[in-house]
Every structure is written in structure tokens, then in C-alpha cells.
Amino acid sequence: ASALAAGLLDRGKSVHLVDADPQGTSEDWASAVAETHDNLIATFLDLKDADFDKAQDEILAAVDRGTENTILDTPGEAESGTSAALFVADLVLSPFMLSEPDVTGLRRTYDLFCQVLRTFGEGNKPDNFLAMFVGDS
């Protein structure tokens with residue numbers, strides 16, 4: 001999420017980075033670079049105990065800020081905030097490395113996305129889910 005935000009900022013785009021992951025790494029990154037980018041808005045959402053509807057409402061309220069790009073960073077595990085984020089997203093990017101835990105997590109995230117879409121009558125083959133291979137540096 002931070003790398004994507006940085007790339008967009010470097011291209012002069014406005015970015016709203018919403019961090020709904022309890023570890024807060026996107027929020028930490030945004031705090032560190034906020035002084036040099038006046039086209040960056042950062043928001044932290046604590047959705048740990050939210051039900052799906054509350055999480056969806058909080059996400060929609062956070063992303064309605066009028067920026068060109070909104071990036072929502074969520075935890076990888078299935079929880080109401082992640083499910084709500086998957087439902088409201090225009091595009092889901094799921095980074096992974098070639099390790100068993102990452103590939104398993106990628107599959108779980110994709111399956112959750114399909115389940116969310118089926119539950120809300122949106123079909124079951126998402127065309128806006130992209131997996132991004134992250135190579136070793």
C-alpha cells in the first residue's frame with residue numbers, strides 16, 4: 001500500500017491512504033512522508049471489533065474525501081473490516097511472495113473476496129482482483 005501510494009505521489013497524484021490494518025505500517029509511512037507531500041491524506045481506522053455493516057460505513061466515510069486515488073490497507077486475515085473493504089473496492093491488489101504462507105494467504109484472500117461477492121449477489125468471478133508477485137530484493 002505504501003509503495004503504491006509513493007508511486008502515485010511521485011507522479012503528482014493526490015492519494016488518500018486508509019490504514020485499517022492494526023499493525024499500522026501504512027499509517028507510520030504516511031506520517032513520515034506527510035511533510036513532503038501536501039497531496040497525501042492519511043487515515044487510520046480501527047475496525048478490529050466492527051461488524052460488516054459498521055466496517056463498511058466507516059470505510060465508505062473514510063474514502064469519500066475527493067482524492068484521485070484511495071488506497072485501503074487491510075489485514076490479510078478474514079475479518080469484518082477486510083470483508084467490507086473487499087466489497088467496496090474498485091480494485092483489489094494482493095501482494096505475495098513465492099512462499100507457502102504467502103500463496104496460502106493469497107488463496108484465502110481470493111476465496112474470501114469471491115464469498116463476499118456471492119453473499120451480496122455480485123457474482124462469483126471477480127475481475128478486479130489482481131495478485132502481485134513481490135520478488136526478493
Side-chain angles (χ1 to χ4, degrees):
S2 302
L4 179 57
L8 290 167
L9 290 169
D10 286 346
R11 286 164 181 76
K13 305 291 184 183
S14 62
V15 175
H16 181 190
L17 183 58
V18 180
D19 193 350
D21 190 340
Q23 70 185 8
T25 53
S26 291
E27 181 186 32
D28 292 343
W29 172 84
S31 296
V33 302
E35 289 182 18
T36 58
H37 293 284
D38 55 356
N39 54 341
L40 172 65
I41 300 170
T43 303
F44 180 75
L45 294 179
D46 183 3
L47 301 175
K48 184 175 66 167
D49 297 323
D51 62 28
F52 180 88
D53 291 332
K54 181 178 183 218
Q56 181 180 354
D57 289 346
E58 288 190 39
I59 290 167
L60 289 173
V63 301
D64 190 22
R65 301 284 287 265
T67 55
E68 293 172 280
N69 302 277
T70 301
I71 300 169
L72 179 57
D73 184 8
T74 67
E77 69 269 4
E79 51 141 56
S80 60
T82 304
S83 299
L86 291 170
F87 184 66
V88 303
D90 292 322
L91 176 66
V92 175
L93 300 175
S94 187
F96 70 98
M97 295 177 69
L98 289 179
S99 68
E100 185 175 342
D102 272 16
V103 172
T104 300
L106 174 64
R107 185 70 204 174
R108 274 196 324 262
T109 303
Y110 180 77
D111 289 345
L112 173 64
F113 191 30
C114 291
Q115 177 186 349
V116 167
L117 294 179
R118 281 192 304 273
T119 299
F120 293 98
E122 301 288 328
N124 60 357
K125 285 197 173 179
D127 58 358
N128 56 344
F129 185 97
L130 298 175
M132 299 181 310
F133 172 69
V134 179
D136 292 332
S137 48

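Computation of the quantities below employed the complete heavy-atom set of this structure, encompassing side-chain atoms and omitting hydrogens, waters and symmetry-equivalent molecules.
Of all non-hydrogen atoms in Ala30 and Leu17, the two that sit nearest each other are CB-CD2, 4.1 Å. Considering every non-hydrogen atom in both Glu68 and Lys13, the closest pair reads OE1-CA, 3.3 Å. Across Leu45 and Ala62, no two heavy atoms sit closer than the pair CD1-CB, 4.0 Å. Counting all heavy atoms, side chain and backbone alike, Ser26 lies closest to Asp73 at OG-OD2, 2.6 Å.
A search for salt bridge (charged side-chain N to carboxylate O under 4.0 Å, His left out) contacts involving Glu27 returns nothing, not counting sequence neighbours. Applying the side chain to side chain contact (heavy atoms under 4.5 Å, CB included) rule to Leu4 yields the partners Leu8, Ile71, Leu93; only residues at least two apart in sequence or on another chain are considered. Remark: Gln23 engages Asp21, Thr25 in a side chain to side chain contact (heavy atoms under 4.5 Å, CB included) (not counting sequence neighbours). In this view, Phe52 and Phe120 satisfy the ring pair (Phe, Tyr, Trp, His ring centres under 6.0 Å) rule, not counting sequence neighbours. Residues satisfying the side chain to side chain contact (heavy atoms under 4.5 Å, CB included) test with Ala6, not counting sequence neighbours, are Trp29. For Asp28, there are no salt bridge (charged side-chain N to carboxylate O under 4.0 Å, His left out) partners two or more places apart in sequence or in a different chain.
The side-chain hydrogen bond (donor to acceptor under 3.5 Å, both in side chains) test with His16 is passed by exactly one of Asn69, Thr67, Asn39, Thr43: Thr43.
To the nearest 0.5 Å, the span separating CG on Asp19 from OG on Ser2 amounts to 7.5 Å. Taking NZ of Lys54 as the start and CG of Leu47 as the end, the distance is 8.0 Å to the nearest 0.5 Å. Distance SG/Cys114 to CG/Leu86: 10.0 Å, rounded to 0.5 Å.
Side chain of Thr74 to backbone of Ala20: no donor-acceptor contact under 3.5 angstrom is found. Gln56 places no side-chain N or O within 3.5 Å of a backbone atom of Ala84 that could act as its donor or acceptor partner.
No path of Ile, Leu, Val, Met, Phe, Trp and Tyr side chains, each step under 4.5 Å between heavy atoms, connects Leu60 with Phe44, placing them in separate hydrophobic clusters.
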Val18 vs Ile59, test: side chain to side chain contact (heavy atoms under 4.5 Å, CB included). Steps then yes/no. CA-CA 8 Å; Val18 180; Ile59 290 167; 6.0 Å; no
